[in-house]
Amino acid sequence: MAPVLELRGITKSFPGVLANDHIDLTVEKGKIHALLGENGAGKTTLMNILYGLYSPDEGEIFVHGKKMEIHSPIDAIKAGIGMVHQHFMLVPVFTVTENVMLGEEYVKAGGILDRQKAADKIREISDTYNLDINPDAYIKDIPVGMQQRVEIIKLLFREANILIMDEPTAVLTPQEVEELFKIMHTMIEQGKSIIFITHKLGEVIEIADKITVIRGGKVVGSTTPEESSLSELASMMVGREVNLVVEKTESKPGEVILEVENLKVLDPLGAIAVDNMSFSVHAGEVLGIAGVQGNGQTELVRSLTGLLQPIDGEARLCGKDITRLSPRDITELGSAHIPEDRQKDGLVLGFPITDNLVLNTYYLEPNSKSIWLDQKQILENSINLVENFDIRTPSPLTPASSLSGGNQQKVIVAREFSRPIKFLVASQPTRGLDVGSIEYIHKRLMQKRDEGCAVLLVSTELDEIMQLSDRIAVVYRGKVLDILDAKTATKEWVGLLMAGIIPSEEEKEKLVSKKKQILMI
Amino acid sequence: MEKPQEIKKKSFAIFWDEFSKSSFLVILLAVFTGIVLGGVLVAITTNEVYDAFRVSFLSGLGTALRTAWNTYVALFTGSVGDPEKISLAFSSGDPLAIRRAINPFFESLVQSTPYIFGGLAVALGFRAGLFNIGVEGQIFIGAVTGVWAGYAITGLPAIIHIPLAMLFGAIGGGLWGFIPGILKAKTGAHEVITTIMMNYIAFRLVDWLLKFPMHDPNEFTPKTPWILETAKLPRFFDTPIRFHLGFFIAILMAVIVYLLLFKTTWGFELRMVGSNPNAARYAGVKITKTTVLAMVLSSALAGMSGANEVLGVNYRLLPAFSSGYGFDSIALALLGKTHPLGVILSSLLFGFLRNGARSMQLAVGVPIDIVSILQALILAFIAAPAIIRTIYRLKESKHKEELVSLSSWKG
Ligand SMILES: Nc1ncnc2c1ncn2[C@@H]1O[C@H](COP(=O)(O)OP(=O)(O)OP(=O)(O)O)[C@@H](O)[C@H]1O
Ligand SMILES: [Mg+2]
């Protein structure tokens with residue numbers, strides 16, 4: 001039997017980059033095919049070609065052994081191919097039904113939308129695959145994980161047989177990932193095939209049937225989870241040995257850099273998001289903020305960087321109250337900020353990399369003299385940073401919008417790390433990055449810490465928090481439940497706190513002694 | 001790593017790659033297609049063509065082609081000049097005849113001048129994410145303040161009087177734009193709505209001013225007094241050529257706007273606010289201040305457009321003097337990709353079309369509206385590049401088609 005999908009010799013170049021170089025890929029029916037590769041390896045490009053968003057320079061696509069010309073998503077959908085993009089394409093003020101119907105409307109006589117019929121079908125799909133979706137809910141009211149399931153329903157609604165999922169797990173909590181995997185299993189049981197892109201190697205090992213690794217636009221190998229291991233996959237992707245464990249020296253905490261006292265912050269809707277938080281960060285230490293997404297982390301970070309004004313409490317940076325200061329004032333006190341949403345806050349996508357690298361220092365010497373920008377200096381600065389931080393781009397003058405997701409992140413990290421700083425707020429600093437880049441950014445973070453910088457690390461990746469932090473503050477519903485010493489804290493302990501459960505003294509003892517045992521071995 | 005020069009070279013290659021496949025070519029083809037369709041339109045609105053078709057198909061086709069051709073010849077001679085007449089005039093050596101023969105070209109430049117100011121005004125606003133629909137009203141206010149400075153301030157030498165009068169025009173327009181600017185910054189009122197309202201207020205205010213406080217007592221109809229000799233923008237030739245210094249002031253303003261937008265820290269802030277206000281806030285830019293200032297500068301440019309007309313062409317202010325320069329400016333700023341150089345080029349296109357249209361009407365009796373339709377067709381094609389790409393089977397630009405980001409539309 002012919003494979004469900006076969007790509008032959010797909011080639012695509014962008015100005016200055018060969019994004020896909022004669023890629024062959026075969027997907028079998030009822031299998032999950034994982035696509036692995038560094039940032040900028042060309043995974044998204046390949047999937048966009050398959051989905052008809054880009055046209056390839058060369059190459060052929062076969063579906064069920066039949067050659068297909070796919071020039072637009074409409075062609076792709078007709079061929080039974082559907083895609084869940086990394087950035088969702090939903091209309092927030094529409095209901096689930098309306099979003100699902102968009103582009104494939106059911107109509108009654110007289111051209112009136114038949115919402116009832118569509119909603120019934122959605123309910124049916126939702127039951128078959130255990131998606132737990134209410135067709136009448138508004139997109140803006142439902143959590144990210146559920147929004148993603150709406151995207152999946154959109155594909156199933158259109159009877160797609162080949163589902164492309166581009167980094168679907170990047171925005172999900174661990175529980176949501178588990179749910180997604182269950183759904184994926186149901187889908188393959190129903191005879192669908194899935195192409196799954198992720199940077200989390202553990203996920204690949206857990207769920208994939210087959211793995212194809214792409215590097216620099218070429219297929220460099222293919223394997224199965226049984227035949228490979230985490231470190232093998234990592235080195236296959238990056239082309240060198242990757243150290244998956246961060247080397248951490250003993251921290252030497254110095255004076256208090258940031259002191260937060262009874263901070264209270266409202267979210268944009270006026271509900272209390274940060275509820276009386278107090279903690280401090282010392283020079284030369286990493287304080288990790290652990291917590292499930294949406295427990296006040298976003299508002300905490302925004303209030304510490306001048307983007308949101310707290311309603312009560314104090315935050316002192318180097319002894320100075322910053323709750324009433326503007327973002328620029330805070331930056332000038334020597335703080336840096338890696339924002340959670342890089343495309344929304346961290347970059348001007350239409351600007352070239354050069355300009356994005358001086359986004360908050362353009363007005364200072366030597367980037368400008370009086371009112372004039374020094375473009376030569378800005379270009380030289382970018383050449384250095386592109387090299388030092390390994391930003392993969394054909395030229396520093398390329399607009400940030402045409403970088404791959406991971407390289408966009410590196411632009412931000414390069415910018416924030418390249419000036420002298422005393423305090424760093426890093427919010428999801430490695431979201432969407434490949435293992436090589438994560439290793440690199442983690443190293444840089446530890447280096448900043450060792451130079452005496454105080455680091456506030458906010459991450460929903462428990463592993464990242466456990467690896468990098470010296471102390472861990474677990475937040476739940478806007479409150480700091482506990483601050484643990486990273487040396488004694490265990491994943492279970494933090495996990496319990498993240499769920500809002502404060503372990504009793506006995507339990508703590510048990511958790512700590514367990515960790516000690518592990519350390520002894 | 002590469003040296004700066006190499007990087008420049010490489011990015012030039014990328015630029016060229018882009019250019020040959022994309023926007024600029026699309027614009028040229030859009031203009032071309034607009035002209036072809038305009039010709040068809042001329043043919044099907046001419047009675048002779050139908051008469052000829054009744055005789056035979058071929059004669060019908062011939063007449064249609066001839067009509068379209070004649071129309072465009074008239075458009076060309078009306079906007080650039082008649083080559084035959086020019087060479088005759090030069091060989092005769094009569095200075096007046098020469099001036100008459102070359103006048104169409106210079107008159108087109110005169111027509112383009114207010115467009116350049118107006119287009120720059122809209123472009124600067126766009127870059128800051130502001131949609132300044134109020135250019136027309138700001139032109140009127142700039143004309144009022146400019147003309148007032150021209151006739152009411154006396155005893156100055158031209159070298160001071162001219163810049164002062166232009167400055168008055170800029171200040172007048174700027175103040176008019178300050179109101180929607182501050183309303184947007186302080187209350188969030190959308191500038192599209194407020195600037196439209198400000199237009200109506202401007203029109204009626206100018207009507208009133210012309211009837212009462214600024215009315216020339218020697219005139220029966222509403223007009224202001226003539227401006228003083230010292231306030232007139234100097235002309236470079238004798239009659240009938242009206243070509244005046246305003247054109248070069250407009251070019252100078254384009255250079256200044258270019259430098260401001262792309263070479264100064266303030267322009268950097270302005271473009272940041274325009275293309276991603278969230279990132280601008282993150283980077284420490286004061287959005288309110290930048291927005292208000294951009295609005296004021298944009299409308300100051302519009303005000304100069306009005307002052308330029310009264311100081312360079314009309315020498316006094318009459319009712320309804322602008323006749324839509326401000327609204328055309330919005331279209332031509334988009335046509336010029338909101339870049340000062342693009343604005344100059346599209347202003348020239350509009351100026352030449354507008355000037356040629358008049359003689360087209362005189363020579364072949366084609367209604368002046370055909371030119372408006374022509375402009376509309378060209379703009380429609382540019383706004384919908386997909387049509388042009390499909391007609392000419394162009395490859396998609398490799399970079400994503402640059403959307404004119406009107407973040408302010410989102411409210
Ligand atoms: N629209 C575009 N214009 C120009 N270059 C592009 C464009 N899209 C992608 N590229 C380039 O093509 C290469 C492959 O990008 P792609 O987005 O496919 O990478 P990826 O494997 O999905 O990476 P990531 O894991 O970071 O998302 C990159 O070098 C990128 O800079
Ligand atoms: Mg990608």
Side-chain angles (χ1 to χ4, degrees), chain A residues 12-16 54-55 302 305-307 326-332 337 339 341-352 354-356 358-364 367-376 378-380 382-384 386-388 394-399 401-402 415, chain B residues 1-22 127 129 259-289 338 386 390 395-405 407:
Chain A
K12 172 82 183 170
S13 66
F14 290 111
Y54 294 144
S55 54
R302 291 181 79 80
T305 49
L307 294 169
S326 72
R328 175 155 300 173
D329 294 335
I330 296 175
T331 308
E332 286 181 347
H337 175 200
D341 188 336
R342 55 175 167 254
Q343 300 204 343
K344 182 167 156 250
D345 292 317
L347 294 167
V348 180
L349 289 174
F351 280 14
T354 45
D355 289 352
N356 274 298
V358 293
L359 215 54
N360 44 22
T361 51
Y362 63 90
Y363 64 99
L364 298 171
N367 296 327
S368 65
K369 296 198 178 64
S370 71
I371 63 162
W372 300 102
L373 294 170
D374 185 343
Q375 259 141 354
K376 200 164 149 263
I378 291 175
L379 179 64
E380 262 160 29
S382 71
I383 293 172
N384 286 336
V386 163
E387 189 180 300
N388 281 341
S395 148
L397 297 171
T398 305
S401 58
S402 48
R415 176 182 70 216
Chain B
M1 191 71 189
E2 298 120 307
K3 294 195 192 70
Q5 289 98 333
E6 280 165 16
I7 283 169
K8 276 222 175 101
K9 241 188 252 154
K10 211 182 208 173
S11 34
F12 181 76
I14 294 175
F15 167 77
W16 182 248
D17 194 37
E18 274 301 284
F19 171 82
S20 57
K21 281 197 193 56
S22 70
R127 290 283 176 172
L259 292 176
L260 190 79
L261 279 180
F262 298 106
K263 303 286 170 191
T264 66
T265 52
W266 190 73
F268 192 88
E269 288 172 4
L270 182 143
R271 286 183 293 120
M272 230 194 300
V273 172
S275 48
N276 184 353
N278 288 315
R281 228 161 85 74
Y282 160 90
V285 177
K286 292 203 174 73
I287 310 246
T288 319
K289 192 180 114 197
T338 66
T390 323
K395 268 210 155 179
E396 188 82 19
S397 153
K398 284 190 175 176
H399 283 307
K400 276 186 210 120
E401 191 66 35
E402 182 188 338
L403 291 175
V404 179
S405 98
S407 49

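All figures in this text were calculated on a predicted structure; none of them were measured in a lab. Worth knowing before you read on, the calculation uses all heavy atoms, side chains too, and leaves out hydrogens, waters and symmetry mates. Residue numbers start from 1 in every chain, and the chains themselves are labelled A, B, ... in the order their sequence lines are given, proteins ahead of strands.
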>> Would the distance check show the side chain of A/D355 and the main-chain N or O of A/F351 forming a donor-acceptor pair, the cut-off being under 3.5 Å?
In response: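 Flag not set: sc A/D355 to bb A/F351 has no pair under 3.5 Å.
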> Are the side chain of B/Y282 and the backbone N or O of A/L347 linked by a donor-acceptor pair below 3.5 Å?
Replying inline: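 Side chain of B/Y282 to backbone of A/L347: no pair is present.
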> So, are A/R302 and A/D345 salt-bridged, with charged N and O less than 4.0 Å apart?
Replying inline: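 Yes.
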Between [X] and chain B, which part of the residue has a heavy atom less than 4.5 Å away: side chain, backbone, both or neither?
X: A/S368; answer: side chain
X: A/R415; answer: side chain
X: A/E332; answer: neither
X: A/L307; answer: both

> Within 45° of the axis and under 6.0 Å from the centre of the six-membered ring of A/Y363, does NZ or CZ of A/R328 qualify?
Replying inline: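 The answer is yes, since A/R328 meets both limits relative to A/Y363.
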